[in-house]
Amino acid sequence: MEKNNSGQKLYEKAKNIIPGGNMLLSKRPEMFLPNQWPAYFSRAKGIRVWDLDNTELTDMSIMGIGTNTLGYGNDEVDQAVMETIRKGNMSTLNCPEEVILAEKLIEINPWADMVRYARSGGEANAIAIRIARAASGKDNIAICGYHGWHDWYLSANHNGGDDLNAHLIPGLSPNGVPKNLKNSVFPFHYNNYDELLDIVEKNNIGIIKMEVMRNFGPQDNFLQRVRDLATQKNIVLIFDECSSGFRETNGGIFKKFNITPDMAMFGKTMGNGYAITAVVGKRSVMEAAQSTFISSTFWTERIGPSAAIASLKIMEREKSWKAITSIGKKMQKGWKDLAKSHGLDITVSGIPAMTTYNFNSENSLIYKTYITQEMLKKGFLASTNFYACTAHKEEHLSLYFEALDEIYDSIAKCENGILKSGDLLDGPICHSGFKRLN
Ligand SMILES: Cc1ncc(COP(=O)(O)O)c(C=O)c1O
């Protein structure tokens, strides 16, 4: 099929008038396949995405970076949104959906009493930090994970020298973040309780914020010990569930470990692609929101909460977290089996519904790029990670693995010196992504 590469042409234009080319690092074409990634979509439905040349692609990759666990353009969610548009999205008065949604979120989180909303995960995190700082009367925070782009978070990269690059997210410069925020945010490694304890004892910590689980699970009662430490020292414990929420339980992944935080943030999949994020928390902490100023015009629009109410209803009815965990497990097993059959060494990590793998090879980034390049030729959006949705079925996995088999064969030939890895790619190697602490 003749391709016009319309997406890359538009991206070239974009880079000249939008710094970085777009608004989200993880969706930059360079993260997948420099100069060849379709870059833009014209339409998306279920797990299908149509690019600007109207080529139909099957999304076996990041599904809008984890926003759409019910598939793109879910009919029921879209209907609720269209009804909201019909009735009016904005007015001088507030929308009742924000109260209905708050009640629902408190029902899902019986340990919590109050809710605030935002429209992005970074915002929800910044709100939680402001409230928790106001409630604790302390500035300093211990963190573990990724919590958005805001000053408070990035300031962690002011603390030390190069060592923090490896400790947080390599290559992220805190340029533009005031240096006097230095030594207010202290990263700790997942499962390293002693490191956290040391940070808490030396730095007058008022808040611990963490992702409950990302690439691997808690060991040695880690989460309970963190909870006990926070309780003992009167520290506000915040779980950032922006990504993990609604993927393993009907709510936070922390439910699996019988531990409750003082605050939690939900985002991403809560509105199945529509912008809505929430901060839920105990009254004793959340009421501190009234002692500071947290307020924004578009946090009052109606589409976000309408989409969330509809999405939560469907998730609960379909137990979507079970379906996506099951398909994610099959994906993980498929990767392992295929690698084994080709004698390739891979490491699979992440919760099943949001999973990733890498080749244990010095050529891992070349192989990753090669997979994206070849799978694209076969009609798939694919990389080495997978965000599952309820529209992903076993038949899609079968087609995906059938396509991947031939690609792994070439990779195995490279590993065995039969092919040269330098000959695999039609263009440059992809950029590497976030490295996380957890
Ligand atoms: C755990 C976590 N917190 C916060 C964020 C930031 O959310 P957003 O990109 O919507 O600002 C992310 C995004 O990936 C995340 O995974």
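Read the numbers this way: they start at 1 and go in the same order the structure lists the ligands and their atoms. Given the structure is predicted, the values throughout are model-derived calculations rather than measurements.
- Cation-pi geometry between R43 and W50 is satisfied (NZ or CZ under 6.0 Å from the ring centre, within 45° of the ring normal).
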Would you list the atom pairs, donor with acceptor, under 3.5 Å between side chains in residues 265-286 and any protein atom, with sequence neighbours excluded?
from : atom 1 : to   : atom 2 : distance (Å)
K268 : NZ     : I65  : O      : 3.2
T269 : OG1    : T69  : N      : 3.3
T269 : OG1    : T69  : OG1    : 2.5
N272 : OD1    : T69  : N      : 3.2
N272 : OD1    : L70  : N      : 2.9
N272 : ND2    : G71  : O      : 3.0
Y274 : OH     : D78  : OD1    : 2.8
T277 : OG1    : A118 : O      : 3.3
T277 : OG1    : S120 : N      : 3.4
T277 : OG1    : S120 : O      : 2.9
K282 : NZ     : D262 : OD1    : 3.0

Atom pairs and distances, donor-acceptor, side-chain atoms in residues 33-41, under 3.5 Å, two or more places apart:
none

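- Looking at W149 against ligand 1, nothing comes within 4.0 Å, counting heavy atoms.
- Between the CG atom in L425 and the CG atom in L365 there is a gap of 10.0 Å [rounded to 0.5 Å].
- Polar contact check, Y146 against ligand 1: a nitrogen or oxygen pair lies under 3.5 Å apart.
- The shortest N or O to N or O distance between G122 and ligand 1 is under 3.5 Å.
- Close contacts of ligand 1 with D240, meaning ligand atoms under 4.0 Å from a residue heavy atom, involve 1 (C), 2 (C), 3 (N), 4 (C).
- Side-chain contact between F186 and I143 is absent, with no heavy-atom pair separated by less than 4.5 Å.
- Proximity annotation for atom 14 (O) of ligand 1: of R214, E123, K268, H150, K268 comes nearest, heavy atoms only.
- Within the set G145, G121, A126, the minimum heavy-atom distance to atom 8 (P) of ligand 1 is found for G121.
- Of all the heavy atoms of N125, the ones lying under 4.0 Å from any atom of ligand 1 belong exclusively to the side chain.
- Taking a cutoff of 4.0 Å between a charged side-chain nitrogen and a carboxylate oxygen, E248 and K322 do not qualify as a salt bridge.
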